[in-house]
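Note sheet for the following structure.
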2 protein chains.
Amino acid sequence: MAMRIGELAERAGTSVKTIRYYDRIGVLRPAERSESGYRLYGVDALDRYRFVRAAQAVGLRLGEIREIIALRDGGETPCGFVVDLIGRRAAELDARIAELVALRDELRSLDRRARRLDPRRCDPRLVCHVIDGGA
Amino acid sequence: MAMRIGELAERAGTSVKTIRYYDRIGVLRPAERSESGYRLYGVDALDRYRFVRAAQAVGLRLGEIREIIALRDGGETPCGFVVDLIGRRAAELDARIAELVALRDELRSLDRRARRLDPRRCDPRLVCHVIDGGA
DNA sequence: CTAAAGCCTCCCCTGTAGGGGAGAGTCAAG
DNA sequence: CTTGACTCTCCCCTACAGGGGAGGCTTTAG
């Protein structure tokens, strides 16, 4: 019935190190320990593992995932919390995307400008005229 | 003529720690050292500093900036290298932006789905039905 | 001369999600 | 009984750009 860490890792398609790490940070604790101290997991551990991965895949961090799980284990329905988290993360992503788009556009325009500049007229003092320090 | 590190940092509007760090990694070396070991910088150090910041601002990492500066100090015109770097960074950004947009879209659709789900029908085994581990 | 301010090197710390490996105990098969 | 596979804890390492602070010189102003 109970799996040891190696079997869980293999069934989950991950590494023993990762499972131990998940135990340590509290997202996936073993059901119990054997007398000799081995971690023993029930079959539900596999579902937990999949949940953790799915949550990671939508951009949640392990610390946040731990909070969700703690709510659930505390008897609460974490859905409201999760929806909040997802909303905030989406907003953060919007902001981040805007930054990256602006940066990319600047790089593209730098690129176009660079093609019109003559490398021989590059002032050594300024390292490279493609990138302008505003001096 | 020569500035010490504190004056340079102040004129550049940055911290002494940062200037020391730039020395350590080779992007901004002092012109010389005083007898007592103090870093002494020429006025051109300010231009160098501004270049480094400008390059950082367009997404180049200090390691890459160091390479650009090494080329320049080796007597070469780094423009070609810089153009390459910029092109590659722009392509990386495109890829990264696409990832983030996909992630954000998934979050948004998760968000919409969550609003239609009933929290009371959330299976505790799966932690939260908003995020589906595919079990 | 003395005190304050500035400077030096060296070392540890941050966040993220683990990876690598040492040294030691445990379990199953031959 | 032994060997090999498995497991345990503990500690250091990664990227990135510095920040914080200790302990000890040096310089400058009063």
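Every chain is numbered from 1 and lettered A, B, ... according to where its sequence line falls, protein lines coming before strand lines.
- Residue A:Y22 has a polar side-chain atom (N or O) positioned under 4.0 Å from OP1 or OP2 of C:dG18.
- One atom, CD of B:E64, and another, P of D:dC16, lie 9 Å apart when rounded to the nearest Å.
- One interatomic measurement links the two molecules: CD1 of A:I65 to C1' of C:dG18, which rounds to 14 Å at whole-angstrom precision.
- Closest-nucleotide positions on DNA chain C for A:S36 and A:T18 were compared, and the one nearer the 5' end corresponds to A:T18.
- Within 4.0 Å of A:I5, counting heavy atoms only, lie sugar-phosphate atoms of the nucleic acid but no base atom.
- The phosphate of C:dT9 has OP1 or OP2 within less than 4.0 Å of a side-chain N or O from B:R33.
- Rounded to an integer number of Å, the gap from A:D23 CG to D:dT9 C1' is 12 Å.
- Comparing B:Q56 and B:S34 along DNA chain D, the residue whose closest nucleotide (by nearest heavy atom) sits nearer the 5' end is B:Q56.
- For the OP1/OP2 pair of C:dA17 and a distance below 4.0 Å, the side-chain nitrogens and oxygens of A:R61 include no atom meeting the criterion.
- For the pair A:T14 and A:Y49, the tightest heavy-atom approach, listed with the atom from each and the gap, is CB-OH, 3.2 Å.
- Counting any heavy atom pair closer than 4.0 Å across all strands shown, A:R53 reaches sugar-phosphate atoms only and no base atom.
- Along DNA chain C, the nucleotide closest to A:V16 and the one closest to B:R39 are compared, and the more 5′ of them pairs with B:R39.
- Nearest heavy atoms, B:I86 versus A:D111: CG2-CB, 4.3 Å.
- When distances are taken from the side chain of A:R20 to each of C:dC8, C:dG18, D:dC8, the shortest belongs to D:dC8.
- Note on B:S15: only backbone sugar-phosphate atoms sit closer than 4.0 angstrom, heavy atoms only; bases stay farther off.
- If you take CZ on A:R48 and CD1 on A:I69, they are separated by 5.0 Å, rounding to the nearest 0.5 Å.
- Comparing C:dG19, C:dC27, D:dG18 by their closest approach to the side chain of A:K17 singles out C:dG19.
- Across C:dC8, D:dG18, C:dG19, the shortest atom-to-atom separation from the side chain of B:Y38 is found for C:dC8.
- A:R72 places a side-chain N or O within 3.5 Å of a backbone atom of B:V127 that can act as its donor or acceptor partner.
- Rounded to an integer number of Å, the gap from CD of B:E92 to P of D:dA15 is 17 Å.
- Here the CZ atom belonging to A:R89 is positioned 5.5 Å from the CG atom belonging to A:L85, to the nearest 0.5 angstrom.
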